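Not measured: the values here are computed from a predicted model. The analysis underlying the following values was restricted to heavy atoms, covering all of them including side chains, and did not include hydrogens, waters or symmetry mates.
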Amino acid sequence: MPHRQNPWAQALAAACLLLSLAAGAQTGSSANTTTTTTEREIQSLFKALQQSGCEFARNGQWYSASEASAHLQRKYSYLQKRALAPTAEDFIARAASQSSMSGKPYLVRCPGQPETHSQRWFEAQLAKTRAAR
């Protein structure tokens, strides 16, 4: 005689499955939103740099904003592949603040403004981006 499963047990199992799928979808959705926000913020930092008219010093040599942006985008790609830049602040700290080879801080000089550490400059740009939302 075949074994009949209790209909309540089947309903409970189905409900548990649906709840776990819904929880997973919410978690994934939240992670995607965070990733999208982070990506949007970091892209806005690249855009701000490219449009700034500033120069960027790396290991004692000055580069144009577009050269600096290209360099930082390569560093960002490296960090993304290793999930090391989950936030814009992590990107700034790990890629846009200092040379990973020499450890020397990056500098930014903009027309009519004093030279500053790139970390401060990028943090200020991030604050502007967030304030504009």
(request) Hey, can you tell me if H71 and Y106 have their rings parallel, tilted or perpendicular (30° and 60° cut-offs)? (result) perpendicular
(message) Quick check: do E39 and Q43 have side-chain heavy atoms less than 4.5 Å from each other?
(response)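 Counting from C-beta outward, E39 and Q43 do come under 4.5 Å.
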(request) Would you check if H117 and L107 make a side-chain contact, meaning some heavy-atom pair closer than 4.5 Å? (result)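 Contact flag for H117/L107 side chains = yes.
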(request) Answer with yes or no whether the side chains of Q98 and Q119 bring together a donor and an acceptor at under 3.5 Å. (result)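 No pair is found: no donor N or O on one side chain lies under 3.5 Å from an acceptor on the other.
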(message) My understanding is that only residues two or more places apart in sequence, or in another chain, count here; which of them pass side-chain contact (heavy atoms from CB on, under 4.5 Å) with R94?
(response) L79, L84, P86, D90
(message) According to side-chain contact (heavy atoms from CB on, under 4.5 Å), who are the partners of S52, at least two apart in sequence or on a separate chain?
(response)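 Scan of S52 (side-chain contact (heavy atoms from CB on, under 4.5 Å), adjacent residues dropped) gives L49, C54, A65, W121.
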Keeping [X] on the side-chain end and [Y] on the backbone end, is there a donor-acceptor pair under 3.5 Å?
X	Y	answer
S99	K104	no
K75	A95	yes
S97	I92	yes

All N/O donor-acceptor pairs, side-chain side in residues 126-133, below 3.5 Å, sequence neighbours left out:
residue : atom : partner : partner atom : Å
T129    : OG1  : S44     : OG           : 3.2
T129    : OG1  : Q125    : O            : 3.1
R130    : NE   : E41     : OE2          : 2.8
R130    : NH1  : E89     : OE2          : 2.6
R130    : NH2  : E41     : OE1          : 3.0
R130    : NH2  : E89     : OE1          : 3.3
R130    : NH2  : E89     : OE2          : 3.0
R133    : NH2  : E41     : OE2          : 2.6

(request) Could you list the residues that satisfy ring-ring contact (aromatic ring centres under 6.0 Å, His included) with F91, not counting sequence neighbours? (result) F46, Y76
(request) Applying salt bridge (Lys or Arg N to Asp or Glu O under 4.0 Å), name anything that partners E67, two or more places apart in sequence or on another chain. (result)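 Testing E67 for salt bridge (Lys or Arg N to Asp or Glu O under 4.0 Å), a comparison that skips the adjacent residues, returns none.
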(request) Search all heavy atoms of F56 against all heavy atoms of S118 and return the closest pair with its distance. (result) CE1-CB, 3.9 Å
(request) Measure the CZ-OG distance between R58 and S102 for me, rounded to the nearest 0.5 Å. (result) 9.5 Å
(message) For residues L45 and L72: do they belong to one hydrophobic cluster (side chain heavy atoms under 4.5 Å, members Ile, Leu, Val, Met, Phe, Trp, Tyr)?
(response)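 Looking at the clustering, L72 is in the same group as L45.
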(request) Determine, step by step, whether S69 and Q50 satisfy the side chain to side chain donor-acceptor pair (under 3.5 Å) criterion, reporting the C-alpha distance in whole Å, the side-chain angles of both residues, the deciding distance to 0.1 Å, and the verdict. (result) CA-CA 6 Å; S69 181; Q50 290 167 352; 2.8 Å; yes
(request) Could you note down all residue pairs passing disulfide (SG to SG under 2.5 Å) where residues 60-103 supplies at least one of them, sequence neighbours left out? (result) none
